[in-house]
Asker: 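The following block contains the structure, expressed as structure tokens.
In this text the structure is predicted, and so the values were computed from the model without any measurement.
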Amino acid sequence: METKSDTVDTNRGPTREAQAPRKTQINPASLTSGGQVSGSPTAVVYCEGNFAQIDGKTANGLVRHSQAYRILSVIDSTYSGQDSGTVLDDTKNHIPIFPDLDAAVAHEAVIPDALIYGMAPSTGRLSPEDRSVVLNSIGLGMNIVSGLHEYLSDDHEITTAASERNVTIRDIRKPKPSKDMRLFDGSVAGVKALRIAVLGTDCAIGKRTTATVLAQALNARGIKTVLVGTGQTGLMQGAKYGIAMDAVPPQFCCGELEGAIVAASEAEQPDVILIEGQGALSHPAFCTSAFILRGSQPDAVILQHAPKRAHRCDFPNMPMPSAASEIALIEAFADTKVIGVTLNHEGMSEAEITATIAAQSLKLGLPVTDALARPVSHLLAMVVAAYPGLTQRPSMAAI
């Protein structure tokens with residue numbers, strides 16, 4: 001039996017990030033099962049009690065976009081019998097939700113290839129109920145994919161069961177040995193592609209979703225773009241380059257991210273490299289935004305903000321910062337500039353989104369949009385306005 005601890009190597013191709021649910025005016029064609037590769041392994045996503053919620057961010061992201069796996073269904077008894085796209089975005093994606101593993105498996109003609117643990121609990125660990133589902137999946141011959149801080153490939157009971165059934169365990173967050181990690185050496189300065197980091201004012205605020213939408217929009221416009229993943233969900237979705245930042249020892253965070261960016265630049269020759277953000281620079285519980293700014297040395301930043309969020313996720317006594325204060329902090333901390341703001345529309349009506357976009361744009365003197373609730377052309381225009389040469393210069397691949 002192979003227990004595979006998969007930390008995406010920065011030189012090869014292959015933490016609580018969520019966009020608010022239930023908004024219309026979304027173009028689902030590029031974000032749901034239609035974007036999945038038909039030859040990819042099939043997977044059921046386990047998200048009991050958390051789908052379309054903050055802790056279900058991994059499942060939310062996978063049903064919107066997945067290249068590495070073909071998502072068959074979601075397990076969450078709360079929404080049993082419903083379409084996951086309808087629950088999440090008011091747009092059908094034909095990925096059904098089932099109450100339990102038995103029902104999800106019974107729906108398929110053959111046993112799915114994998115069970116993906118689709119939650120990102122603050123504890124980073126399996127509950128007893130979750131453990132039972134994982135063991136039952138292994139018993140059916142399904143491989144296991146997990147982004148938890150608790151490495152299932154180190155769990156004796158789980159690995160013994162996996163060995164008996166000859167299935168793999170893929171621990172996305174399990175880092176490679178420190179002897180194989182790289183230190184920052186400044187080589188990112190030689191990268192010719194425009195580097196844009198998508199940061200935020202909190203964790204679980206939609207940075208990955210906005211970065212994914214933007215990458216697809218730029219590529220569709222003929223501006224060759226590579227998205228470098230920095231969290232477990234992006235890597236599960238199939239990010240070709242990246243690392244799970246919060247699983248890397250601090251000494252190597254900047255160097256490992258730099259290595260991923262340099263590898264993407266050399267192999268793909270893109271016009272733009274987008275870097276997925278993690279946490280928030282102002283958030284005292286996270287250091288990842290600081291490492292991302294240092295390691296990627298971005299030319300520009302797009303800031304994701306949730307205007308209706310009263311306090312930091314999981315920290316009820318910690319008020320949210322304003323977009324203006326986060327922008328000031330980012331620009332003081334790094335030699336970069338914030339070129340626009342994108343909204344997480346949780347708790348907002350259509351009228352509130354429209355009013356907030358206008359008010360924030362006027363207050364900040366920057367373009368403001370919402371990657372899911374407004375046309376993607378607005379997000380694309382944000383970048384092109386800051387870098388008009390992108391639409392005129394030849395692709396780096398042609399140079």
Asker: Do any N or O atoms from the side chain of Thr225 and from the backbone of Ile273 form a donor-acceptor pair under 3.5 angstrom?
Answerer: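 Not confirmed, Thr225 side chain does not pair with Ile273 backbone.
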Asker: Between Phe315 and His283, what is the ring plane arrangement, given parallel below 30°, perpendicular above 60°, and tilted in between?
Answerer: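 Perpendicular.
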Asker: Quick one: closest heavy-atom pair of Ser84 and Ile97, and the distance?
Answerer: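 Shortest heavy-atom contact: CA-CD1, 3.7 Å.
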Asker: To check you understand the geometry: which heavy-atom pair defines the closest contact between Arg170 and Leu235, and what is its length?
Answerer: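 The pair with the smallest heavy-atom distance is NH2-O, 4.0 Å.
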Asker: Using atom types as modelled and distance alone, determine if a side-chain donor or acceptor of Asp55 lies under 3.5 Å from a backbone N or O of Met119.
Answerer: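 Judged by distance alone, no pair lies under 3.5 Å.
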Asker: Between Glu276 and Thr230, is there a donor-acceptor pair closer than 3.5 Å when you use the side chain of the first and the backbone of the second?
Answerer: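 The answer is yes, because a donor-acceptor pair under 3.5 Å joins these two groups.
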Asker: Apply side chain to side chain contact (heavy atoms under 4.5 Å, CB included) to Tyr46 and Asp130, showing your working.
Answerer: CA-CA 9 Å; Tyr46 176 67; Asp130 297 345; 2.9 Å; yes
Asker: Would a single hydrophobic cluster contain both Ile243 and Met181, if residues Ile, Leu, Val, Met, Phe, Trp and Tyr are joined by side-chain heavy-atom contacts under 4.5 Å?
Answerer: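 Yes, it is one cluster - the side chains of Met181 and Ile243 are joined through contacts under 4.5 Å.
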Asker: Do the side chains of Tyr151 and Ile172 join up, straight or via other hydrophobic residues, at under 4.5 Å, putting them in one cluster?
Answerer: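 No, it is not one cluster - the side chains of Tyr151 and Ile172 are not joined through contacts under 4.5 Å.
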Asker: Should Val44 and Val74 count as side-chain neighbours, where that means a heavy-atom distance under 4.5 Å?
Answerer: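 No, side chains not in contact.
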Asker: Could you go through Thr342 and Thr369, starting from their C-alpha distance and side-chain angles, then the distance that decides it, and tell me whether this counts as side-chain hydrogen bond (donor to acceptor under 3.5 Å, both in side chains)?
Answerer: CA-CA 5 Å; Thr342 49; Thr369 189; over 6 Å; no
Asker: Measure the CG-CG distance between Asp202 and Asn344 for me, rounded to the nearest 0.5 Å.
Answerer: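 Between atom CG of Asp202 and atom CG of Asn344 there are 9.5 Å.
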Asker: For Ser66 and Gln237, does a side-chain donor sit closer than 3.5 Å to a side-chain acceptor?
Answerer: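 Looking only at side-chain atoms, Gln237 and Ser66 do not form any donor-acceptor pair under 3.5 Å.
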Asker: For Asp113, is there an ion pair with Arg70 - N to carboxylate O distance below 4.0 angstrom?
Answerer: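 Not counted as a salt bridge, because no side-chain N and carboxylate O are separated by less than 4.0 Å.
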Asker: Which is it for Ser325 and Ser322 under the side-chain hydrogen bond (donor to acceptor under 3.5 Å, both in side chains) test, yes or no, and what are the steps along the way?
Answerer: CA-CA 5 Å; Ser325 67; Ser322 67; 3.2 Å; yes
Asker: Is a side-chain N or O of Asp180 found less than 3.5 angstrom from the main chain of Lys176, in a donor-acceptor match?
Answerer: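 Such a contact is absent between Asp180 side chain and Lys176 backbone.
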Asker: Any side-chain heavy atom of Thr42 within less than 4.5 Å of one from Val110?
Answerer: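 Heavy-atom side-chain distance check fails, nothing below 4.5 Å.
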Asker: Treat each ILVMFWY residue as a node, draw an edge where side-chain heavy atoms are under 4.5 Å apart, and state whether Ile275 and Phe333 are in one component.
Answerer: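 Same cluster: Ile275 reaches Phe333 through Ile, Leu, Val, Met, Phe, Trp or Tyr contacts under 4.5 Å.
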Asker: Would you kindly confirm whether Met320 and Met318 end up in one hydrophobic cluster when ILVMFWY residues are joined by side chain heavy atoms under 4.5 Å apart?
Answerer: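 No, Met320 and Met318 fall in different hydrophobic clusters.
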Asker: So, Arg195 side chain and Ser296 main chain: donor-acceptor pair closer than 3.5 Å or not?
Answerer: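 Yes: the side chain of Arg195 pairs with the backbone of Ser296.
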Asker: To the nearest 0.5 Å, what is the distance between CG on Leu257 and CZ on Phe291?
Answerer: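 Rounded to the nearest 0.5 Å, the CG-CZ separation comes to 11.0 Å.
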Asker: Using 0.5 Å steps for rounding, measure from the CG atom of Asp335 to the CG atom of Leu293.
Answerer: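 Output value for this atom pair is 11.0 Å.
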Asker: So, Arg309 and Glu346, do they make that salt bridge, N to O below 4.0 Å?
Answerer: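 Glu346 and Arg309: salt-bridged.
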Asker: Using modelled atom types and a 3.5 Å cut-off, is there a donor and acceptor pairing between side-chain atoms of Asp89 and backbone atoms of Gly85?
Answerer: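 The answer is no, because no donor-acceptor pair under 3.5 Å joins these two groups.
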Asker: Between the side chain of Glu326 and the main-chain N/O of Leu281, is any donor-acceptor distance below 3.5 Å?
Answerer: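 Between the backbone of Leu281 and the side chain of Glu326 there is a qualifying donor-acceptor contact (under 3.5 Å).
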Asker: Taking all heavy atoms of Gly61 and all of Thr233, pick out the closest pair and write down the distance.
Answerer: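 Taking Gly61 first and Thr233 second, the nearest heavy atoms are CA-CG2, 4.4 Å.
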Asker: Does Asp100 reach the main-chain N or O of Ala103 with its side chain, forming a donor-acceptor pair under 3.5 Å?
Answerer: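 The answer is yes, because a donor-acceptor pair under 3.5 Å joins these two groups.
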Asker: Does Thr288 form a side-chain hydrogen bond (donor to acceptor under 3.5 Å, both in side chains) with Asp246? I'd like the steps, not just the answer.
Answerer: CA-CA 7 Å; Thr288 39; Asp246 61 3; over 6 Å; no
Asker: When rounded to the nearest 0.5 angstrom, what distance separates CD in Glu129 from CD in Glu48?
Answerer: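 Going from the CD atom of Glu129 to the CD atom of Glu48 covers 9.5 Å.
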Asker: Closest heavy-atom contact between Thr201 and Ala280?
Answerer: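 Thr201 and Ala280 have their closest heavy atoms at C-CB, 3.5 Å.
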Asker: Are the charged groups of Arg173 and Glu150 less than 4.0 angstrom apart, N to O?
Answerer: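 Salt bridge flag = no for Glu150 with Arg173.
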Asker: Should Asp299 and Ile196 count as side-chain neighbours, where that means a heavy-atom distance under 4.5 Å?
Answerer: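 Heavy-atom side-chain distance check fails, nothing below 4.5 Å.
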Asker: For Phe51 and Tyr79, take the angle between the two ring planes, folded into 0 to 90°, and tell me which bin it lands in: parallel under 30, tilted 30 to 60, perpendicular over 60.
Answerer: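 The arrangement is perpendicular - the two ring planes meet at more than 60°.
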Asker: side-chain hydrogen bond (donor to acceptor under 3.5 Å, both in side chains) between Arg312 and Ser282: does it pass, once the steps are laid out?
Answerer: CA-CA 11 Å; Arg312 308 271 198 177; Ser282 62; 2.9 Å; yes
Asker: With the threshold set at 4.0 Å, does a side-chain nitrogen-carboxylate oxygen contact exist between Glu258 and Arg182?
Answerer: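 Arg182 and Glu258: salt-bridged.
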Asker: Counting N and O atoms only, with roles assigned by atom type, does the side chain of Asp155 sit under 3.5 Å from a partner on the main chain of Glu157, one being a donor and the other an acceptor?
Answerer: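 Yes, the answer is positive, given that a donor and an acceptor are paired below the 3.5 Å cut-off.
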Asker: Go through the steps for Leu148 and Arg125 under the test side chain to side chain contact (heavy atoms under 4.5 Å, CB included), then give the verdict.
Answerer: CA-CA 6 Å; Leu148 294 169; Arg125 297 182 178 277; 5.9 Å; no
Asker: Could you go through Leu199 and Ile292, starting from their C-alpha distance and side-chain angles, then the distance that decides it, and tell me whether this counts as side chain to side chain contact (heavy atoms under 4.5 Å, CB included)?
Answerer: CA-CA 9 Å; Leu199 304 182; Ile292 287 168; 4.1 Å; yes
Asker: Atom NE2 in His305, atom OG1 in Thr356: separation rounded to 0.5 Å?
Answerer: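 If I round to the nearest 0.5 Å, the distance is 9.0 Å.
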Asker: Should Arg374 and Glu350 count as an ion pair when the cut-off is N to O under 4.0 Å?
Answerer: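 Judged by the 4.0 Å cut-off on N to carboxylate O distance, Arg374 and Glu350 do form a salt bridge.
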Asker: Kindly indicate whether the side chain of Leu126, heavy atoms from C-beta on, has any atom under 4.5 Å from the side chain of Tyr117.
Answerer: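 Yes, their side chains come closer than 4.5 Å.
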Asker: If we only count heavy atoms from C-beta on, is the Lys192 to Ser265 side-chain gap below 4.5 Å?
Answerer: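 They are not in side-chain contact.
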Asker: Has the side chain of Ser73 got a donor or acceptor atom that lies under 3.5 Å from a matching backbone atom of Pro96?
Answerer: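 Answer holds: no.
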Asker: Do the side chains of Phe98 and Leu140 join up, straight or via other hydrophobic residues, at under 4.5 Å, putting them in one cluster?
Answerer: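 No, Phe98 and Leu140 fall in different hydrophobic clusters.
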Asker: Going through the distances and angles, do Leu366 and Val338 end up as a side chain to side chain contact (heavy atoms under 4.5 Å, CB included)?
Answerer: CA-CA 8 Å; Leu366 292 169; Val338 176; 4.1 Å; yes
Asker: Which atom pair, heavy atoms only, marks the closest approach of Ala120 to Lys57?
Answerer: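 Taking every non-hydrogen atom into account, CB-CE, 3.8 Å.
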Asker: Between Glu268 and Lys240, does a salt bridge (charged side-chain N to carboxylate O under 4.0 Å, His left out) hold up when you go through it step by step?
Answerer: CA-CA 10 Å; Glu268 310 293 339; Lys240 195 173 179 181; 2.8 Å; yes
Asker: Hey, could you give me the CD1/CG distance between Ile158 and Leu152, rounded to the nearest 0.5 Å?
Answerer: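 So the gap between those two atoms works out to 4.5 Å.
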Asker: On a heavy-atom basis, which atom in Ile144 and which in Val134 lie closest, and how many Å separate them?
Answerer: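 In terms of heavy atoms, the two residues are closest at CD1-O, 3.9 Å.
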